[in-house]
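Just so it is clear, the values below take in all heavy atoms, side chains as well, and ignore hydrogens, waters and symmetry mates. Just so you know, ligand 1 is whichever comes first in the structure, and atom 1 is the first atom listed for that ligand.
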Amino acid sequence: MKWPVSSAPVRSKILRTSLSVDDGMGERLAVEPGAPKPFLQDGGNSPTLSLVIPTAPLEDEMGDVLEKAMKLRGLSESALARKTGIDINRIKDAILYRYDFSSEEITTLSDALGLNEPGFRALIEGRYPVPCPCGLPFQLHVLAMPYGVGVVNAYIVAECGADTGILIDSGCCCEALQQVWPACIRHLDAHLVTHWDSDHGGGCEGTRARFGLAHCFGPGPERPGVRVLAESETMDIGAFRIEVISTPGPAAEHYCYLIRRRSAQPSKAVLFTGDLFFCGSIGGGFFDDRSVLEHARRLWTTLPSDTIVAPGHGPLTTIGTEREFNPFSTGC
Ligand SMILES: [Fe+2]
């Protein structure tokens with residue numbers, strides 16, 4: 001199957017931060033506004049490829065985070081106003097992205113909502129750190145597609161120089177995916193789906209047909225052409241090892257995939273998070289809010305800092321960055 005290179009513009013984010021972040025390898029990376037975003041760089045002895053990836057805007061703004069945090073705490077606008085002493089109309093405005101909180105009020109809100117203040121503050125002040133992940137011993141293609149007012153991401157992992165790979169999620173439809181398909185990938189070894197929301201699995205059936213895949217892999221519920229993976233299953237496909245991590249919350253059945261290159265030496269991995277968490281926020285708990293938070297915190301706590309995070313929306317990040325800055329990472 002051959003899909004052409006896209007000529008469609010990809011939204012690029014203007015980095016708004018001058019913070020430095022841990023790149024997971026003990027180095028601090030200065031992230032300057034407008035700086036190029038090198039992605040795959042030399043990772044030591046492993047073959048690597050350098051690419052420049054357009055960086056998507058953050059998925060959530062302060063108003064989204066505020067609303068999700070209030071829902072998690074069971075606080076209404078009026079209850080939060082009483083708890084913080086902040087006028088309810090200013091809280092309503094903030095949820096609608098109009099905010100002018102003072103430094104003291106940001107501290108008060110963070111305390112009242114149990115948020116990680118440095119990250120919440122950075123988000124409000126437009127300087128949330130977006131890291132420049134590097135050191136992967138394989139290619140990661142970011143397929144960012146416009147969706148609603150934002151962007152939804154699918155990804156391909158492939159050996160450097162290979163014309164085949166593994167597709168993770170497929171956007172809302174095959175046509176949208178085709179617009180951003182990399183010309184170098186002409187075959188697929190497998191297609192994994194994180195969950196069956198239409199913006200993540202909508203292109204699955206068409207893609208499977210176009211590439212002649214017997215089936216794709218994903219969580220339940222059972223559906224034609226899908227092999228439902230077991231929770232915590234591990235499987236090897238081509239050069240890659242895939243670990244299935246069950247993370248219900250955004251949907252009743254939702255998987256994250258931890259993918260690394262098979263080798264004798266442990267190598268850096270990419271975690272595909274679907275709607276569980278993003279750079280600077282967590283996903284909506286359309287099935288269970290608490291479960292979203294618990295699974296996100298479990299991954300932030302247990303995975304290595306240098307694990308690259310490839311979320312279903314927004315820019316790439318790392319476990320280390322989210323552990324340190326995500327507004328919901330309090331206690332991690
Ligand atoms: Fe989504």
Heavy atoms from other residues, nucleotides or ligands near CD of E243 exceed 12 (cutoff 6.0 Å): yes
H200 and H313 aromatic ring geometry - parallel, tilted or perpendicular at 30°/60° bounds: perpendicular
Mutual orientation of the aromatic rings belonging to F101 and Y99 [parallel < 30°, tilted 30-60°, perpendicular > 60°]: parallel
F277-W300 aromatic ring centre distance below 6.0 Å: yes
For the Fe ion (ligand 1), every protein N/O/S atom that sits closer than 2.8 Å, waters excluded: D199 OD2, H200 NE2, D275 OD1, D275 OD2, H313 NE2
Under-4.0 Å salt bridge between E233 and R227: yes
Pairwise distance CZ(F278) to CG(L316) - rounded to 0.5 angstrom: 13.5 Å
